[in-house]
Amino acid sequence: ALRSLRRSPILTSMMVLAIGLGIGASMTMITVLHVMSDDPLPEKSGVLYYPTLDPRPLDDANRDSDTSGARSGRDASIDNFTYVDAMALLHARRAPRQAVMAGGGVLVQSTDENRPLSPAFEAARYTTADFFKMFDVPMRSGQSWNADDDQARARVAVISPELAQRVFGQTPAVGQTLRINGQLFTVIGVTRHWAPQPTFYQDVDSGRPYGKPDQVFLPLLTAVDLDLGVSGTSCWGNENLVGKARRTSGTCSWAQFWVELDTSAQVADYRRYLQGYAQSQHAAGRFARPATSKLYPMMAWLDRADWVPGDLRLQLALAVAFLGVSLLNIVALLLAKFLRRSGEISVRRALGARRRDIFLQLGAESLLIGLFGGALGLALAQLGLWSVRRRPDAYAALAHMDPA
C-alpha cells in the first residue's frame with residue numbers, strides 16, 4: 001500500500017490534504033459548539049429546575065425595559081421573577097433547596113491603607129443562602145452565609161480567589177473588610193475557582209453567558225436594601241415609583257429563581273404547587289393573564305436560552321458539508337486509481353490471490369490515506385482553535401479540544 005501511494009505522490013498528497021482540511025474545519029466548529037453547549041454542572045444538572053410564571057398585564061406594549069441585548073421575540077418578564085413572587089416562592093419552601101438571585105456590577109475598593117487598590121467594577125451575584133450548596137460551589141476558605149444572615153440583611157460577602165489575590169495578596173481574605181459601592185462588607189468566604197460555562201444560573205438576556213465568572217457574592221436582601229443595581233429589569237405600571245420602591249413593587253421582573261428537586265414525586269408536587277400559586281394570583285387580580293406556569297429542567301432551560309450564536313451553527317454546517325464534498329471527491333479519485341490498476345489486479349488473481357487479498361490491499365491504501373489525513377486534520381483543528389481563541393468573543397477562551 002505504501003509503495004502504491006508513493007507511485008502517485010501528487011494524487012496522494014491532494015487526497016490527504018483534502019481530508020485534513022475537511023476534518024480540521026469541521027472539528028474546529030464541532031469543538032466550539034461542544035464547549036458552548038456542554039452540561040455546565042453535570043453532577044447536579046439532573047436535579048436543578050427553573051420555574052416560570054407570567055405576571056404580564058394583558059397589554060404590555062408600553063412596558064419599559066432597561067434590558068440590554070435582549071433577543072428579538074423574547075420577553076424578559078417571563079424569564080425572570082418579580083420580587084414579590086420570588087419572595088413568596090422562597091418563603092413557601094416547597095423544594096429541598098431553592099435560591100433567588102440577580103446579577104449586577106459593583107464598585108470594589110480595599111479598606112487597607114497599606115495596600116492601596118484602584119476601585120474596579122466587578123461582576124456580582126446577589127443571592128440567598130442555598131445558592132452555594134445547591135450549585136456545589138467549592139470553598140477554598142471560610143464559609144457562605146446562612147438563612148439567618150439573609151433575614152438580618154448582613155453586610156457579608158463571599159469572593160472569588162482571583163479577587164482575593166488582587167485585593168489582599170497573600171494575606172488571608174476571610175475576616176477582612178471590603179468597600180462595595182461605598183458600603184463596608186466583611187469577607188466570610190473565598191471560593192475555589194468556579195466558572196461553569198455557560199453561566200447557567202444568570203438572566204438569559206444578560207449578554208455574558210460565557211467568559212469571566214462572578215467575582216462577588218452578596219446576600220440578596222442586603223443588595224435590595226442598599227438599592228444595588230441589577231441587570232435585566234423589565235417593568236410595567238407604577239411609573240410614579242422609582243428605584244428600590246419600584247423594583248420591589250411587584251411590577252418589575254428581574255430576579256432568577258432556581259430549585260433543587262431530587263425525585264420525580266418532588267417535581268410533580270412542585271409543578272402542582274406552582275400552578276396553584278399562579279391560579280391564586282390570577283384570582284386575586286395580580287396576574288391579568290390566565291394562570292400559566294412551567295418548570296424547566298436545567299438543560300431544557302439552557303436550550304430555551306439559545307445562547308449558541310446562529311452563525312456558529314451555520315459555520316458548522318458549511319464545514320461538515322465541505323468535509324462531505326471532500327470525501328466524495330476522494331472516493332471518486334480512489335475508484336479511478338483502482339480501476340486503472342485492473343491489469344495488475346488481474347495478474348495477481350491469475351497467480352492465486354484471493355478476492356479478499358485484493359480487497360485488503362486496496363482497503364489498506366484507503367486506510368493509510370485516512371490516517372494521514374486525520375492526523376493532518378487534528379493538527380489543523382488545533383490551529384483553527386488557536387485562531388478562535390484570538391477572537392474577542394467571550395466564548396473564545398473556551399475553545400480547547402478535549403477527548404470527547
| Asn181 vs Leu107 side-chain heavy atoms within contact, under 4.5 Å | yes
| field | Closest non-hydrogen atom pair, Gly189 against Met139 | value | CA-CE, 3.8 Å
| remark: The complete set of disulfide bond (SG atoms under 2.5 Å apart) pairs with one or both residues in residues 244-290, sequence neighbours excluded, reads Cys235-Cys252
| Does the side chain of Ile358 reach to within under 4.5 Å of the side chain of Arg349, using non-hydrogen atoms? | yes
| message | Within a 6.0 Å radius of atom CZ on Arg390, are there more than 12 heavy atoms belonging to other residues, nucleotides or ligands? | response | yes
| Given the rule in the side chain to side chain contact (heavy atoms under 4.5 Å, CB included) test, do Arg304 and Trp301 qualify, once you have shown the distances and angles that lead to the verdict? | CA-CA 5 Å; Arg304 184 176 184 274; Trp301 179 250; 3.5 Å; yes
| request: Not counting sequence neighbours, which residues clear salt bridge (Lys or Arg N to Asp or Glu O under 4.0 Å) with Arg354? List them please. | output: Asp357
| Taking the six-membered ring for Trp, are Phe81 and Tyr50 parallel (under 30°), tilted (30 to 60°) or perpendicular (over 60°)? | perpendicular
| field | Test side-chain contact (heavy atoms from CB on, under 4.5 Å) applied to Ala321 - qualifying residues, sequence neighbours left out | value | none
| task | Go through the structure and list residues passing ring pair (Phe, Tyr, Trp, His ring centres under 6.0 Å) with Phe132, not counting sequence neighbours. | result | Trp145, Phe217
| said: Return the CG to NE2 distance between Asp54 and His282, rounded to the nearest 0.5 Å. | reply: 11.0 Å
| field | Interatomic spacing from CD1 in Ile19 to CG in Leu380 - rounded to 0.5 Å | value | 12.5 Å
| said: A side-chain contact here means heavy atoms from C-beta on lying under 4.5 Å apart; do Val156 and Pro219 qualify? | reply: yes
| remark: side chain to side chain contact (heavy atoms under 4.5 Å, CB included) test vs Phe257 passes for just one of Thr128, Leu53, Leu90, namely Leu90
| query | Lys212 versus Glu122: any side-chain heavy-atom pair under 4.5 Å? | reply | yes
| request: Nearest 0.5 Å please: distance from the CD1 atom of Ile180 over to the CD atom of Gln183. | output: 10.0 Å
| query | Under 3.5 Å, side chain of Thr12 to main-chain N/O of Leu5, donor-acceptor pair present? | reply | yes
| query | Taking all non-hydrogen atoms of both residues, which atom of Ala1 and which atom of Leu368 are closest, and how far apart? | reply | CB-CD1, 3.8 Å
| request: Determine whether Tyr270 and Leu89 make a side-chain contact, defined as any pair of heavy atoms from C-beta on separated by less than 4.5 Å. | output: yes
| said: Applying salt bridge (Lys or Arg N to Asp or Glu O under 4.0 Å), can you list everything that pairs with Arg179, at least two apart in sequence or on another chain? | reply: none
| query | Looking at Val204 and Ala305, what are the two nearest heavy atoms and their distance? | reply | CG1-CB, 3.7 Å
| said: Under the rule for salt bridge (Lys or Arg N to Asp or Glu O under 4.0 Å), what residues qualify as partners of Arg192, not counting sequence neighbours? | reply: none
| task | Could you walk me through whether Ile345 and Leu362 pass the side chain to side chain contact (heavy atoms under 4.5 Å, CB included) test, one step at a time? | result | CA-CA 10 Å; Ile345 294 172; Leu362 302 184; 4.3 Å; yes
| task | With sequence neighbours excluded, give me every side chain to side chain donor-acceptor pair (under 3.5 Å) pair touching residues 358-386. | result | Ser4-Glu365, Arg341-Glu365, Arg348-Gln361
| request: Report the residue from Asp203, Asn80, Asp79 that forms a side-chain hydrogen bond (donor to acceptor under 3.5 Å, both in side chains) with Gln256. | output: Asn80
| task | State, with a plain yes or no, whether a side-chain heavy atom of Met87 is found less than 4.5 Å away from one of Leu220. | result | yes
| request: Show the numbers, then the answer: is there a side chain to side chain contact (heavy atoms under 4.5 Å, CB included) between Leu48 and Phe135? | output: CA-CA 9 Å; Leu48 296 177; Phe135 295 152; 3.8 Å; yes
| Under the salt bridge (Lys or Arg N to Asp or Glu O under 4.0 Å) test, residues paired with Asp262 that sit two or more places apart | none
| field | Donor-acceptor pair, side chain of Ser293 and main chain of Ala278, under 3.5 angstrom | value | no
| remark: Thr28 meets the side-chain hydrogen bond (donor to acceptor under 3.5 Å, both in side chains) criterion, sequence neighbours left out, with none
| task | Considering non-hydrogen atoms only, spot the tightest contact between Val84 and Ser249 and give its length. | result | CG2-C, 4.1 Å
| said: Could you report the tightest heavy-atom contact between Ala399 and Val32, atom names first, then the distance? | reply: CB-CG2, 4.3 Å
| task | With the side chain counted from C-beta on, respond yes when Phe131 and Val158 share a heavy-atom pair under 4.5 Å apart, and no when they do not. | result | no
| So with a 6.0 Å cut-off around CD of Gln143, is the heavy-atom count from everything else above 12? | no
| request: State which residue, out of Tyr210, Trp258, Tyr49, fulfils the ring pair (Phe, Tyr, Trp, His ring centres under 6.0 Å) condition with Phe200. | output: Trp258
| message | Could you measure the distance from the CG atom of Leu385 to the CE atom of Met29? Nearest 0.5 Å is fine. | response | 9.5 Å
| Leu295 and Leu261: CA distance, side-chain angles, deciding distance, side chain to side chain contact (heavy atoms under 4.5 Å, CB included) verdict | CA-CA 11 Å; Leu295 186 65; Leu261 303 168; 3.9 Å; yes
| Is a side-chain donor or acceptor of Ser234 paired with a backbone partner of Gly232 at a separation under 3.5 angstrom? | no
| query | Going by heavy atoms in the side chains, are Arg389 and His400 under 4.5 Å from each other? | reply | yes
| field | Minimum heavy-atom distance Gly373-Ile23, with the two atoms named | value | O-CD1, 4.4 Å
| said: Measuring from atom CE of Met134 to atom CD of Gln98, what distance do you get when rounded to the nearest 0.5 angstrom? | reply: 8.0 Å
| query | Using a distance-only test with no angle check, is there a side-chain donor-acceptor pair under 3.5 angstrom linking Asp39 and Ser45? | reply | yes
With a cut-off of 3.5 Å and sequence neighbours excluded, list every side-chain donor-acceptor pair involving residues 323-337.
{"from": "Ser326", "atom 1": "OG", "to": "Phe322", "atom 2": "O", "distance (Å)": "2.9"}
{"from": "Asn329", "atom 1": "ND2", "to": "Val325", "atom 2": "O", "distance (Å)": "3.2"}

| remark: To the nearest 0.5 Å, atom OH of Tyr126 lies from atom CH2 of Trp254 at 10.0 Å
| What residue pairs, at least two apart or across chains, pass salt bridge (Lys or Arg N to Asp or Glu O under 4.0 Å) with a residue in residues 138-157? | Arg153-Asp225
| Listed once per pair and sorted, the salt bridge (Lys or Arg N to Asp or Glu O under 4.0 Å) pairs that draw on residues 83-101, sequence neighbours left out | Asp85-Arg286, Arg93-Asp130, Arg97-Glu260
